[in-house]
K.L.:
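Got a structure for you, written out below as structure tokens; questions coming shortly.
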Amino acid sequence: MSSPIATISRIGEHEGQSVTVRGWLYNLRESGKLLFPIFRDGTGLIQGVVAKNAVSPEVFDAVKTLTQESSVIVEGKVRADKRAPGGYELDVSSVQVLQKVPDSDPYPISLKEHGVDFLMEHRHLWVRTPRQAAILRVRAEIIRAARDFFDERGFTLTDPPILTPAACEGTTTLFPVDYFEEQAYLTQSGQLYIEATAMALGKVYSFGPTFRAEKSKTRRHLTEFWMVEPEVAYATLDDMMELAEGLLSFLVKRCLDRRRNDLQIIGRDVAKLEKIEPPFPRISYDDAVKMLQEGHQTGALETKFEWGGDLGSPDETYLSSKFEKPVMVHRYPASVKAFYMEPDPQRPDLALCVDVLAPEGYGEIIGGSQRMASYDLLVQRIHEHNLPEEAFKWYLDLRKYGSVPHAGFGMGIERAVAWICGLEHVRETIPFPRMLHRLYP
RNA sequence: UCCUCAGUAGCUCAAUGGCAGAGCAUCCGGCUGUUAACCGGAGGGUUGUAGGUUCGAGUCCUACCUGAGGAGCCA
């Protein structure tokens, strides 16, 4: 193979030249003495053409007997052709088969439809299909964009620990870990720790995995997922809402700019994404309750929503369906929210918090709040929630030594990817999803 | 934890209580422009597991296992 190695996504740069493509056989069609192998290299697909009278019998035979996903290095001349899916074809001159998938044990994932369980059981192979690869590229773009967003705004990345001594919020179920014969847990949020680094560096963020041992079985849940969490000293709830709408708009715009082709492969209606720009609608919890009660009267919602409760999944879906942009619901009753949230000075029964609900029924993708600044009130809340004060001693220190108003939020990467890609389920947004009843592969 | 649904060929699915079937994949043959190619042929089965009803169970009943969707909780 003497010709230069080409990348399929940029094969057009080599039009008229002989190139080497290193990849796998995606599919093979034949018509008599013509073979149409389609190769993939991780960046795209290109159709090869092999005519029996144009190559040696060895080359023709080698391609003719190729099986799906066999690894091959092929050499050929790039030619523009309107009949080809990518616009270019490869006139194959030679082929080197690295490993042929045996006839006796063919590649399990065919080009036909498959069931969810089968695909999940073969996730290590499923990621090779063009649609899954496109989703993973969009995920990578969203992660890169999120980091760019915060880096460009003067935030410092500070990584919180993954092994923690106690629950951060004391609400959800944690995965226990034996830590040298001491009980430890996998983190469910880095928030408490980045509150500490925010007091050191001003504007910080974390990006890392989080773990929830909840027995949730829905299209929105994973037991292991990734979160981006900014935390800002001297910031208020309003600052956070502005930051959140800025972040989401930035992520969407970046995907439209750089991953439009992948969104097309996935089948995303990008017209809906084009509308995502600031400002986002802001509604108070009180307003949300009114809307939900109207929804019940018109028959759109089964149960009547009473003031004081947390929003359920159908409630979130209903609210978000009323807007084309993400909607920010703020100031929930303090009783349904976490212990560390600052009360609204106008109405102390409310928490200065916000949930951002993505449109098209994707539900909550961001949750944030202004954090409690008062030492005494925080101690009181820790007791009210029956949390061990000893474990929060260091956290209380932050209120003892130069306490300031501060705020932050967390965005679930997988939910954001699911929304931007328009997916039915978050399990397709991460290479190897961890769910209830799913630890393999 | 609760509710609903589903387990039949490697995959996707059929089969009124009466002989276990099709498409795809694999193999063989045909076709010089195929687009999840097409046409002809071949091989491929402990119907999730264990019991029960029946002359006879993939089908009906009971329990269990596995998975999916939803609720609660959350990002």
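Because the structure is a prediction, the values reported are computed rather than measured. Order of the sequence lines fixes the chain letters, A, B, ..., with proteins taken first and strands second; residue numbering starts at 1 for each chain.
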K.L.:
Contact class for A:Gly115 vs. all strands (heavy atom < 4.0 Å): base, sugar-phosphate, or nothing?
P.N.:
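Sugar-phosphate, backbone atoms only, no base.
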K.L.:
Working to the nearest 0.5 Å, report the span between NZ of A:Lys203 and CD1 of A:Ile194.
P.N.:
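Rounded to the nearest 0.5 Å, the NZ-CD1 separation comes out at 14.0 Å.
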K.L.:
Using atom CD of A:Gln191 as one end and atom C1' of B:A75 as the other, report the distance to the nearest whole Å.
P.N.:
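From A:Gln191 CD to B:A75 C1': 12 Å.
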K.L.:
Going by ring centres under 5.5 Å and near-parallel planes (under 30°), is A:Phe225 stacked on B:A75?
P.N.:
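A:Phe225 ring centre within cut-off of B:A75 base, planes near parallel; stacks.
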K.L.:
When you measure from the side chain of A:Arg219, which nucleotide among B:C31, B:G69, B:C11 comes out closest?
P.N.:
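From the listed options, B:G69 comes nearest.
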K.L.:
Just the rounded figure in Å: distance from P of B:A36 to CZ of A:Arg29.
P.N.:
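Going from CZ in A:Arg29 over to P in B:A36 covers 6 Å.
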K.L.:
Under 4.0 Å: is that the gap between some side-chain N or O of A:Arg220 and OP1 or OP2 of B:A71?
P.N.:
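It does, given that an N or O in the side chain of A:Arg220 lies less than 4.0 Å from OP1 or OP2 of B:A71.
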K.L.:
Taking the same atom, P, in B:G18 and in B:G10, what whole-Å distance lies between them?
P.N.:
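So the two P atoms sit 25 Å from each other.
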K.L.:
At 4.0 Å (heavy atoms only), tell me whether A:Gln47 reaches a base, stays on the sugar-phosphate, or touches nothing.
P.N.:
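Since a base atom lies under 4.0 Å of A:Gln47, the category is base.
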K.L.:
With hydrogens left out and only the distance checked, is there a donor-acceptor pair under 3.5 Å joining A:Lys112's side chain and the base of B:A25?
P.N.:
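Absent.
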K.L.:
If you measure from the C1' atom in B:U59 to the same atom in B:U8, how many Å do you get, rounded?
P.N.:
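These two C1' atoms come out 11 Å apart once rounded.
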K.L.:
Checking base pairs now: Watson-Crick or wobble, both atom distances under 3.5 Å. What partners B:C38?
P.N.:
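Base partner found: B:G30.
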K.L.:
In whole Å, what separates the C1' atom of B:G70 from that of B:A22?
P.N.:
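33 Å, rounded to whole Å.
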K.L.:
Between B:C73, B:A75, B:A68, which nucleotide gets closest to the side-chain atoms of A:Lys217?
P.N.:
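Of the options given, the side chain of A:Lys217 lies nearest B:A68.
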K.L.:
Could you check A:Pro314 against A:Leu66 and say which one's nearest nucleotide on RNA chain B is further toward the 5' end?
P.N.:
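Here A:Leu66 is the residue nearer the 5' end.
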K.L.:
Which whole-number value in Å describes the distance from A:His437 NE2 to B:G67 P?
P.N.:
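Atom NE2 in A:His437 sits about 5 Å away from atom P in B:G67.
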K.L.:
Here's a test for you: under side-chain hydrogen bond (donor to acceptor under 3.5 Å, both in side chains), which of A:Gln370, A:Arg331, A:His330 qualifies with A:Asp344?
P.N.:
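Only one option passes, and that is A:Arg331.
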K.L.:
Under 3.5 Å, is there an N or O donor on one side and an acceptor on the other linking the side chain of A:Ser216 and the base of B:C73?
P.N.:
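Under the 3.5 Å cut-off, the side chain and the base do form a donor-acceptor pair.
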K.L.:
Pick the C1' atom in B:C24 and in B:C65, then give their distance to the nearest Å.
P.N.:
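Looking at atom C1' only, B:C24 and B:C65 are 29 Å apart.
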K.L.:
Using both distances under 3.5 Å as the test, list the Watson-Crick or G-U wobble partner of B:G67, or none.
P.N.:
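B:G67 is paired, partner B:C5.
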K.L.:
Counting only side-chain heavy atoms from C-beta out, which of B:A36, B:G72, B:U26 sits nearest to A:Ser313?
P.N.:
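Output: B:G72.
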K.L.:
Within the pair A:His425 and B:G69, is there a side-chain N or O less than 4.0 Å away from OP1 or OP2?
P.N.:
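Affirmative; the distance criterion is met.
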K.L.:
Go through B:G67, B:U34, B:G72 for me and flag the one nearest to the A:Thr218 side chain.
P.N.:
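Closest nucleotide to the A:Thr218 side chain: B:G72.
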K.L.:
Which part of the nucleic acid does A:Glu113 contact within heavy-atom distance under 4.0 Å: base, sugar-phosphate only, or nothing?
P.N.:
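If one applies the 4.0 Å heavy-atom cut-off, A:Glu113 turns out to touch a base.
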K.L.:
Categorize A:Leu35 for me: base, sugar-phosphate, or nothing, with a 4.0 angstrom heavy-atom threshold over every strand shown.
P.N.:
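Nothing, no heavy atom under 4.0 Å.
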K.L.:
Sticking with atom P, work out how far B:C5 lies from B:A63, rounded to a whole angstrom.
P.N.:
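The answer is 14 Å between these two P atoms.
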K.L.:
Taking the side chain of A:Phe36 as heavy atoms from C-beta outward, which of B:U26, B:A36, B:U34 is closest to it?
P.N.:
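Taking heavy atoms from C-beta onward, the closest nucleotide is B:U34.
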K.L.:
Please determine if A:Arg282 and A:Asp238 form a salt bridge, counting it only when a charged side-chain N lies under 4.0 Å from a carboxylate O.
P.N.:
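A salt bridge is absent here (no side-chain N lies under 4.0 Å from a carboxylate O).
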K.L.:
Reckon A:Glu414 touches a base, only the sugar-phosphate, or nothing at all at heavy-atom distances under 4.0 Å?
P.N.:
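Nothing: the residue A:Glu414, judged by heavy atoms under 4.0 Å, touches no strand.
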K.L.:
Nearest heavy atom decides the nucleotide; on that basis, is A:His114 or A:Ala51 closer to the 5' end of RNA chain B?
P.N.:
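Nearest nucleotide further toward 5': that of A:His114.
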K.L.:
At what distance, to the nearest 0.5 angstrom, does CZ of A:Arg212 lie from OG1 of A:Thr173?
P.N.:
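Result: 10.5 Å between the selected atoms.
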K.L.:
Just how far is it from atom OH of A:Tyr395 to atom CD of A:Gln191, taken to the nearest 0.5 Å?
P.N.:
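One finds 5.5 Å between OH of A:Tyr395 and CD of A:Gln191.
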K.L.:
Charged N to carboxylate O below 4.0 Å: is that the case for A:Glu364 and A:Arg415?
P.N.:
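No salt bridge links A:Glu364 with A:Arg415.
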K.L.:
Of the nucleotides B:G33, B:G10, B:A68, which has the atom closest to the A:Val49 side chain?
P.N.:
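Of all the options, the side chain of A:Val49 is nearest to B:G33.
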K.L.:
Let me know the distance between NZ of A:Lys82 and P of B:G33, rounded to the nearest Å.
P.N.:
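Rounded to the whole Å, the gap is 19 Å.
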K.L.:
Quick check: any donor-acceptor pair below 3.5 Å linking the side-chain of A:Asp117 to the base of B:U66?
P.N.:
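No, no donor-acceptor pair under 3.5 Å.
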K.L.:
Taking the C1' atom in each of B:A57 and B:A50, what is the distance between them to the nearest angstrom?
P.N.:
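Between the two C1' atoms, the distance is 15 Å.
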K.L.:
Would you mind classifying the nucleic acid contact of A:Asp355 as base, sugar-phosphate or nothing, using non-hydrogen atoms under 4.0 angstrom?
P.N.:
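Counting heavy atoms under 4.0 Å across all strands, no contact is made by A:Asp355.
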K.L.:
Say we look at B:C11 and B:U53: how far apart would their C1' atoms be, to the nearest angstrom?
P.N.:
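Going atom to atom, C1' in each nucleotide, I get 35 Å.
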K.L.:
Against the six-membered ring of A:Phe149, is A:Arg153 placed for a cation-pi contact (under 6.0 Å from the centre, within 45° of the normal)?
P.N.:
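Yes, a cation-pi geometry.
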K.L.:
Compare the minimum distances between each of B:U12, B:G33, B:C73 and the side chain of A:Glu214, then state the nucleotide with the smallest one.
P.N.:
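Closest nucleotide to the A:Glu214 side chain: B:C73.
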K.L.:
Can you tell me how far apart CD (A:Glu89) and CZ (A:Phe36) are? Round to the nearest 0.5 Å.
P.N.:
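Going from CD on A:Glu89 over to CZ on A:Phe36, the span is 7.0 Å.
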K.L.:
With distance as the sole criterion, do the side chain of A:His221 and the base of B:C74 form a donor-acceptor contact below 3.5 Å?
P.N.:
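Side chain to base: pair found, below 3.5 Å.
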K.L.:
Taking the P atom of each, how far is B:A14 from B:C27, in whole Å?
P.N.:
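Going atom to atom, P in each nucleotide, I get 28 Å.
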